[in-house]
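Have a look at the structure below, then the notes.
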Amino acid sequence: MLPIDAAAHSSRWRRRHPAEKAFLGFGLTLCAVGLPPWPGALLVAAATLAVLLGPAGVPGRALWRAFRIPLGFCVTGAVPLLFEVGGPGGFVALGPDGPVHAGELLLRTASASLGVLLFAFTTPVSDVLPRLVRAGVPAPVVDVALVMYRIVFLLLDAMTRIREAQAARLGHTTRAATWRSLAGLGATAFVRAFDRAQRLQSGLAGRGYDGTLRVLVPARAVSRPFLAATGGLLAALVAVTLVLERLLP
């Protein structure tokens with residue numbers, strides 16, 4: 001199991017309805033995208049971090065390990081905005097408003113990523129997918145997603161075991177051995193993926209699969225106080241941003 005999935009299953013908000021956490025996480029994401037980067041995105045990022053590390057109880061180390069990957073994409077996307085090509089300063093030169101545009105994009109994308117991580121760290125995928133059918137998503141699409149979600153973890157576990165076996169047999173001692181081990185790992189994972197899929201199909205056929213995977217979904221009521229608090233937080237962020245935008249230069 002991936003660290004983010006393990007954190008979601010052990011989250012303090014594990015028993016809350018996914019709709020509550022979707023309203024909070026994606027609401028913060030929309031605020032980060034729609035509000036002015038300064039000071040809106042900064043306020044959204046601060047509020048999201050406060051919720052993640054506070055009420056949600058997400059460990060700071062696990063949050064950083066998950067956040068540094070999208071943060072790298074955010075930085076990569078912001079760096080080209082620093083330069084202009086073919087301008088009066090030469091073929092490639094620092095743009096006149098490049099640092100401002102790059103900083104704004106970085107603030108927007110980083111704070112939006114935190115909002116998505118808030119939902120991911122508090123909501124297991126197994127709680128979301130079965131409820132998508134009630135939201136209007138076709139059942140076959142949800143079934144495929146459930147099966148792929150399961151197979152991904154099986155393949156990751158198999159690849160970990162294969163790498164450990166290769167390391168125990170000195171398969172990573174030299175560069176050439178490492179490349180041979182990597183090729184063997186890819187070939188074995190490819191074969192095992194087809195084997196897993198065939199065994200899964202045989203198992204479903206033996207259990208009378210009729211085109212729908214019936215999953216028991218725990219009944220959970222939506223908390224109105226939680227929704228009200230979320231709406232108040234989002235409204236406060238919008239109001240404070242608009243006020244500070246007028247006061248700050």
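These numbers come from a predicted model, not from an experiment. Numbers here simply count residues along the sequence, with the first being 1.
Hydrophobic clustering of Ile, Leu, Val, Met, Phe, Trp and Tyr side chains at less than 4.5 Å, counting indirect connections, keeps Val116 apart from Phe73. Using a 4.5 Å cut-off between side-chain heavy atoms of Ile, Leu, Val, Met, Phe, Trp and Tyr, with links allowed through other members, Val100 and Leu106 fall into different hydrophobic clusters. The cluster map of Ile, Leu, Val, Met, Phe, Trp and Tyr, joined by side-chain heavy atoms under 4.5 Å apart, puts Val33 and Val238 in different clusters. Neither Leu182 nor Leu155 shares a network with the other; the hydrophobic side chains, linked directly or stepwise wherever heavy atoms of I, L, V, M, F, W or Y lie under 4.5 Å apart, form separate groups for each.
Separation of atoms CG (Leu234) and OG1 (Thr230) is listed at 6.5 Å; rounding is to 0.5 Å. We find the CZ-CG distance between Phe23 and Leu227 to be 6.5 Å, quoted to the nearest 0.5 Å. Distance CG/Leu105 to CZ/Arg108: 8.5 Å, rounded to 0.5 Å.
Looking only at side-chain heavy atoms (C-beta outward), Leu242 and Arg246 stay at 4.5 Å or farther from each other. Looking at heavy atoms from C-beta onward, Phe226 lies in side-chain contact with Leu24 at the 4.5 angstrom threshold. Using a 4.5 Å cut-off on side-chain heavy atoms (C-beta onward), Pro55 and Arg12 make no contact. Side-chain atoms of Leu117 and Thr48, non-hydrogen and from C-beta on, never get closer than 4.5 Å to each other. For the pair Leu114/Leu49, a side-chain contact is recorded, criterion being any heavy-atom separation below 4.5 Å from C-beta on. No side-chain heavy atom of Phe119 sits less than 4.5 Å from a side-chain heavy atom of Thr29.
The heavy-atom pair separating Ala120 from Ala8 by the smallest distance is O-CB, 3.5 Å. Summarising the geometry of Leu53 relative to Gly60, their closest heavy-atom pair is CD2-CA, 3.9 Å, with the distance given to 0.1 Å. The shortest non-hydrogen separation linking Ala102 to Leu82 is CB-CD2, 3.6 Å. Closest approach of Leu118 to Ala56, counting heavy atoms only: CD1-CB, 4.4 Å.
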Please list, one pair per line, the donor and acceptor atoms closer than 3.5 Å that link side chains of residues 61-71 to other protein atoms, with sequence neighbours excluded.
none

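For Gln166, the side-chain contact (heavy atoms from CB on, under 4.5 Å) partners two or more places apart in sequence, or in a different chain, are Ile162, His172, Ser181, Leu185. For Leu30, the side-chain contact (heavy atoms from CB on, under 4.5 Å) criterion is met by no residue, not counting sequence neighbours. In this structure Thr241 satisfies the side-chain contact (heavy atoms from CB on, under 4.5 Å) test together with Leu35, Pro36, Pro39, Leu43, sequence neighbours excluded. Legend: residues meeting side-chain contact (heavy atoms from CB on, under 4.5 Å) with Ala32, ordered by chain and number and at least two apart, are Val44, Ser111, Ala112. For Arg16, the side-chain hydrogen bond (donor to acceptor under 3.5 Å, both in side chains) test picks out Glu20, with sequence neighbours left out.
Looking at Arg169, its side chain does come within 3.5 Å of a backbone N or O of Ala165 through a donor-acceptor pair.
Between Trp13 and the options Thr122, Thr123, Val58, a side chain to side chain contact (heavy atoms under 4.5 Å, CB included) holds for only Thr122.
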